[in-house]
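Values in this document were obtained by computation on a predicted structure and should not be read as measured data. When a ligand or atom number is given, it counts from 1 through the structure's own listing order.
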Amino acid sequence: MSRAIVFNGDETWEERDIPVPDPQPGGAVLRVEATGLCHSDIDHFRGHVHTSWGGAFPSIAGHEIVGRVEKIDSATAEAWGVAEGDRVAVRELLVTSEGYRIYGHDFSVDEGSGLYGGFAEHLELLPGSQVYRLREDLPADQLTVFEPLSCAVTWVAPVRKDDVVVIEGPGHMGMATIVAARAAGASTIIVTGTARDRFRLDWALRVGADHTVDVDSEDPLERVRELTDGRLADVVIDAAAGNPVTVNLAMDLVRKGGHVVIAGMKDRPLEGFHSDWIPTRRITLHPGAGLDTEAAVDLINAGKVPTGELLGDTFPLEHFEDAFALLTRRTPGRDSIRIALRLT
Ligand SMILES: [Zn+2]
């Protein structure tokens, strides 16, 4: 049996024991070690899944999954380049004949084994899965950062050596983007946030940011101008979720001819955007939308990621309620840059 957290899709959840299946030919079974939590898990809890087909409920969420291969047949082991006992990162996109599906987001617990999300002790890896071997010398909860980093390494595509990079939003995506921007050659990294983000802004310096700006108490344009001798940012990456005003701020903070990457999901349409900014200041807009698990895992295995600083807080499965409260910023007097569940 595998203990699992099941979301009902109506802001309720329950713990269930689910039988562990034998792997299908071409698939495997993973013993989950740790799974990171993410803003999209909050949406999932509320019944919204960010896929065009809207997800399925009840279901097991969790897509930032690190575990050990528990059962795999020899042909699949050879094809995937892993053996039983190996520790791997799971790419959440599962390629199928009809397109793709996402572990932890759009499988119902009533389909097949039901074990298709990371908030459970086991995960059934279906044929078409992609897994990448992870280093053994670090705790699994630290390694779950591979997933936000898999996105962040693609968001920094416009970053060139010695660029000034501004990252808006010091959440777990912003933190991963600091690391990715540095690996891409950024010389100066400035992170912006609000007064409520004080703890996270301070933490951003530990993760590798050079400067932080609290936009509620300082004029961000003035401050970035001052920090860059008037040059402004070569690249602004908007990793902030929620309020769309960060998009307009990105257009202010980028230099003429610079690049803006729009990544964080907003909760409403944006007002006050002037498209003239794009031709008159020759700004290039990029989508923050990719996923490169292999590149993220390579950075971690090469020791280029401060996984300890990026860990945040971890909880055992039985304290899921506390983990979720901290994730949704409902724990009085406490904040966290990232949260993971430990499943072993
Ligand atoms: Zn995520």
Please state whether the separation between the Zn ion (ligand 1) and some N/O/S atom of [X] is under 2.8 Å?
X	value
His63	yes
Cys38	yes
Glu92	no

Exercise for review: List for me each residue that meets side chain to side chain contact (heavy atoms under 4.5 Å, CB included) alongside Glu14, sequence neighbours excluded, and say none if there are none.
Suggested key: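 Side chain to side chain contact (heavy atoms under 4.5 Å, CB included) check on Glu14 returns Val6, Asn8, Arg16.
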Practice item. Starting from the Zn ion (ligand 1), look over the N/O/S atoms of Glu147 and name the nearest one. Key: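 Going through the N, O and S atoms of Glu147 one by one, OE1 ends up nearest to the Zn ion (ligand 1).
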Check your understanding: Can you tell me the N, O or S atom of Glu64 that's nearest the Zn ion (ligand 1)?
Key -> OE2
Review point. Salt bridge check: are Arg198 and Asp202 linked by an N-O gap of less than 4.0 Å?
Key: yes
**Study point:** salt_bridge(Lys161, Asp234) N-O dist < 4.0 Å
**Key:** no
Check your understanding: Aromatic rings Tyr103 and Phe107: how do their planes relate, parallel, tilted or perpendicular, breaks at 30° and 60°?
Key ->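 Aromatic pair Tyr103/Phe107 classed parallel.
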Review point. Applying side-chain hydrogen bond (donor to acceptor under 3.5 Å, both in side chains), which residue pairs with at least one partner in residues 283-306 are found, sequence neighbours left out?
Key: His259-His286
